[in-house]
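All remarks here apply to the structure that follows.
Along the sequence shown, residues carry numbers from 1.
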Amino acid sequence: MNLSRRHSYCAYFLTLWMMPFSLGGFQNAWGVAPEEVAPGNIKDYSAQRIGEAEKTFPNDPEIYFIKGYALHRCMKYEEAIEAFKKGLALKPNQPEIMQMIAFLYAYIAKYNEAVEWYKKTVEIDPAAERANERLGLALVKLNRMDEAAKAFEMELRYHPEDASSHFYLAERYFEAGRIKEASAHAELAMKYDPIVPEPYYLMAKILRKEGNAKGAETALKTFQEKKKEEEKIVAQAPKTDDQKQSKLSAAQLHIELGAIYYRRKRDQEAEAHFLKTLYFDPKNEAARYNLATLYQETRQSQKAETFYRELLAMNGKNPRYHLGLGLILGAQKNWPEARTQLEIAVEEMPDSLDAKKGLAKVYLSGDMDREASLQLMLEVVEKEKNADNYSTLSWAYFVNGDRTKSLECMAMAVQLEPNNPIHQRRYEQLKNSRN
């Protein structure tokens with residue numbers, strides 16, 4: 001996830017990390033602890049926070065989308081639908097939101113409306129994940145079986161390895177007497193998701209229909225075994241109590257609101273919301289990453305470094321965290337550790353131009369690997385021809401002893417940004433050094 005000024009974020013949660021300080025210490029250190037939330041007041045708490053943002057950005061559709069998701073988490077489904085629709089009035093043709101409206105209509109058993117909104121979704125984005133499948137399920141509820149089968153077929157056209165769509169289509173084919181096709185899709189359902197029990201039960205019915213009693217008995221036995229395994233997994237799954245769920249809902253709300261303030265360059269409010277996310281959900285990785293990015297952009301390098309190091313302690317396999325820390329360390333002139341972090345980022349994200357540029361600059365600044373810096377910048381400039389990249393490429397050519405190409409690259413930088421005094425000065429210096 002790269003939370004930039006012009007892009008949205010996605011939030012995700014991590015379970016394997018422990019805060020290095022208590023919640024009380026966190027509250028006192030940052031001064032951002034909001035009032036507590038509970039199942040009985042989470043809706044009012046959410047409404048108040050959203051209302052504050054709505055007054056600040058009254059015409060921002062994202063506010064209403066956030067409101068819709070918050071109401072959904074509070075199980076206020078019809079109110080959520082209205083909030084989503086209000087957002088769509090300001091920003092139409094959003095497949096994700098349209099599918100959410102359809103999903104909520106299906107959840108409250110308004111299947112005609114669900115079909116309408118799923119159809120709207122696939123008209124805009126035919127490949128929207130699960131949209132055709134869920135359209136098919138809503139059509140089944142309305143007993144429109146032929147249309148449902150076509151919807152499942154459409155889902156598989158775009159997502160051919162989707163096990164559940166194979167299963168639902170197999171059911172429709174079986175009911176329609178298309179036994180061979182039903183068998184083929186049941187097999188594919190089991191292939192792509194061998195854990196789910198239901199396809200084995202359907203296969204038992206298919207084999208019985210074909211007169212294969214022994215095969216049907218085996219499939220039924222497999223179904224029963226997998227059903228027991230499924231029930232065991234469900235029974236052992238950790239339960240989230242209502243109080244904890246209220247806190248997670250508040251955390252999600254604050255990270256969503258923080259992103260809106262962040263995109264509007266309201267950094268103080270964005271910071272407060274991200275910190276409140278951590279108050280409610282200390283293990284929230286996304287909020288910590290958003291804070292690291294915000295501090296990095298606002299040149300609060302020590303804070304950014306702290307959060308990136310915490311992120312790597314939480315999830316050392318995420319190359320974006322190595323990239324962020326490497327760039328911070330490079331800015332701090334900690335060349336050896338910056339090199340280590342950025343080399344990991346380049347290895348794990350070979351298409352990342354930011355990682356390649358960062359590593360090239362560290363090589364150059366730390367006088368480490370001149371040839372590698374040149375190769376990295378050649379790859380970057382091939383994909384992204386801007387003044388800064390040409391300037392860095394000029395530097396790489398210079399340290400590798402090619403003054404002619406170095407001058408040519410600085411000339412390109414000046415051509416692309418003629419009013420940039422730094423590029424102009426470097427160009428003149430290079431030109432004078434050849435005379």
Between the side chains of Glu269 and Arg266, is the shortest nitrogen-to-carboxylate-oxygen separation below 4.0 Å, so that they form an ion pair? yes
Mark yes when over 12 heavy atoms from residues, nucleotides or ligands other than Lys228 sit less than 6.0 Å from its NZ; otherwise mark no. no
Hey, is Glu116 close enough to Lys120 for a salt bridge, meaning N to O under 4.0 Å? yes
Rounded to the nearest 0.5 angstrom, the CD-CD distance for Glu347 and Glu343 is 9.0 Å
Begin from the C-alpha positions of Tyr77 and Tyr105 and carry the test ring pair (Phe, Tyr, Trp, His ring centres under 6.0 Å) through to its verdict. CA-CA 8 Å; Tyr77 303 120; Tyr105 272 130; over 10 Å; no
Might you confirm whether atom NZ of Lys85 has over 12 heavy atoms from other residues, nucleotides or ligands at distances under 6.0 Å? yes
Evaluate the criterion ring pair (Phe, Tyr, Trp, His ring centres under 6.0 Å) for residue pair Tyr261 and His273; output intermediate values, then yes/no. CA-CA 9 Å; Tyr261 283 101; His273 279 293; 5.3 Å; yes
Close side-chain approach of Ile108 and Ile81, heavy atoms under 4.5 Å: yes
Scanning both residues in full, the closest heavy-atom pair of Ser46 with Ala70 reads CB-CB, 4.3 Å
For the pair Thr121 (side chain) and Gln99 (backbone), establish whether a donor and an acceptor sit closer than 3.5 Å, ignoring hydrogens and angles. yes
Side chains of Glu187 and Lys191: does their closest heavy-atom pair fall under 4.5 Å? no
Any side-chain donor near an acceptor of the partner, Glu310 and Tyr321, under 3.5 Å: no
Using the salt bridge (charged side-chain N to carboxylate O under 4.0 Å, His left out) rule, take Glu82 and Lys67 through it: C-alpha gap first, then chi angles, then the decisive distance, then the call. CA-CA 10 Å; Glu82 293 309 309; Lys67 185 175 184 178; over 6 Å; no
So which heavy atom on Phe280 is nearest to which on Val37, and how close? CE2-CG2, 3.8 Å
Please tell me if the side chains of Met412 and Lys385 come closer than 4.5 Å, counting only heavy atoms from C-beta onward. no
Could you tell me which residues satisfy salt bridge (charged side-chain N to carboxylate O under 4.0 Å, His left out) with Arg130, sequence neighbours excluded, listed by chain and number? Glu133, Asp162
Please determine whether the number of non-hydrogen atoms from other residues, nucleotides or ligands lying under 6.0 Å from atom OH of Tyr201 exceeds 12. no
Is it the case that atom NZ in Lys227 sees more than 12 heavy atoms from other parts of the structure closer than 6.0 Å? yes
Closer than 4.0 angstrom, basic N to acidic O: yes or no for Glu62 and Lys91? yes
Between Asn41 and Asp44, do the side chains contain an N or O donor and an N or O acceptor separated by less than 3.5 Å? no
Side chains of Leu393 and Leu374 in contact at under 4.5 Å (non-hydrogen atoms): yes
Cationic tip of Arg49 above Tyr45 ring, under 6.0 Å, 45° of axis: yes
If every non-hydrogen atom of Ala355 is compared with every non-hydrogen atom of Leu323, which pair is closest and at what distance? CA-CD1, 3.6 Å
Which pair of heavy atoms, one from Ala287 and one from Phe274, lies closest together, and at what distance? CB-O, 3.8 Å
If you define the side chain from C-beta out and look only at heavy atoms, does anything of Glu230 sit under 4.5 Å from Lys226? no
If you look at every heavy atom in Ala186 and Ile206, which pair is closest and at what distance? CB-CD1, 4.2 Å
Within the 3.5 Å criterion, strictly below it, is a donor on Tyr262 or Glu297 matched to an acceptor on the partner's side chain? yes
Assess, by modelled atom type and distance only, whether the side chains of Gln296 and Tyr308 contain a donor and an acceptor separated by less than 3.5 Å. yes
Surrounding CG of Asp241 (heavy atoms of other residues, nucleotides or ligands, distance under 6.0 Å), is the total greater than 12? yes
For the side chain of Glu54 and the backbone of Glu52, is there at least one donor-acceptor N/O pair under 3.5 Å apart? no
Is it true that, when you exclude Glu217 itself, more than 12 heavy atoms of the residues, nucleotides or ligands shown sit nearer than 6.0 Å to its CD? no
Geometric class of the His72/Phe103 ring pair [parallel <30°, tilted 30-60°, perpendicular >60°]: perpendicular
Carefully, step by step, assess Glu113 and Lys110 under the rule salt bridge (charged side-chain N to carboxylate O under 4.0 Å, His left out). CA-CA 6 Å; Glu113 291 87 345; Lys110 293 188 175 182; 5.3 Å; no
Between Asp242 (side chain) and Pro39 (backbone), is there a donor-acceptor pair under 3.5 Å? no
Going by the side-chain hydrogen bond (donor to acceptor under 3.5 Å, both in side chains) test, name the single residue among Glu271, Gln300, Glu305 that passes it with Tyr295. Glu271
Heavy atoms only: give me the nearest Ala131-Glu155 pair and the separation to one decimal. N-OE1, 3.7 Å
Test Gln252 against Arg73 for side-chain hydrogen bond (donor to acceptor under 3.5 Å, both in side chains), laying out the working first. CA-CA 10 Å; Gln252 183 64 22; Arg73 291 191 292 269; 5.5 Å; no
Under the side-chain hydrogen bond (donor to acceptor under 3.5 Å, both in side chains) rule, what do Glu36 and Tyr279 come out as? Steps first, then yes or no, please. CA-CA 10 Å; Glu36 291 297 334; Tyr279 173 78; 2.3 Å; yes
Do any N or O atoms from the side chain of His159 and from the backbone of Ala127 form a donor-acceptor pair under 3.5 angstrom? yes
Is there a side-chain contact (heavy atoms from CB on, under 4.5 Å) between Leu329 and Gln332 once you walk through the steps? CA-CA 5 Å; Leu329 294 170; Gln332 295 173 349; 3.6 Å; yes
Look at the side chain of Asn290 and the backbone N and O of Ile255, then say whether any donor-acceptor pair between them is shorter than 3.5 Å. no
Excluding sequence neighbours, so at least two apart, what forms side chain to side chain donor-acceptor pair (under 3.5 Å) with Gln341? His322
Hey, are the side chains of Lys43 and Glu79 touching, using non-hydrogen atoms and a 4.5 Å cut-off? yes
Can you find a heavy atom in the side chain of Ser365 that is under 4.5 Å from one in the side chain of Trp395? yes
If you draw a 6.0 Å radius around CD in Glu96, do more than 12 non-hydrogen atoms from other residues or ligands fall strictly inside? no
Counting N and O atoms only, with roles assigned by atom type, does the side chain of Ser391 sit under 3.5 Å from a partner on the main chain of Ala413, one being a donor and the other an acceptor? no
Under a plain distance cut-off of 3.5 Å, with no hydrogens placed, do Tyr390 and Glu417 share a side-chain donor-acceptor pair? no
Geometric cation-pi criterion, Arg264 with Phe57: 6.0 Å, 45°: yes
Go through the steps for Leu376 and Tyr363 under the test side-chain contact (heavy atoms from CB on, under 4.5 Å), then give the verdict. CA-CA 10 Å; Leu376 286 167; Tyr363 283 157; 3.8 Å; yes
List in chain and number order the residues that pass side chain to side chain donor-acceptor pair (under 3.5 Å) with Glu147, two or more places apart in sequence or in another chain; answer none if no residue qualifies. Arg144
More than 12 non-hydrogen atoms from neighbouring residues, nucleotides or ligands closer than 6.0 Å to CZ on Arg309, yes or no? yes
Within the structure provided, determine whether Glu78 and Leu104 are in side-chain contact (heavy-atom separation under 4.5 Å). no
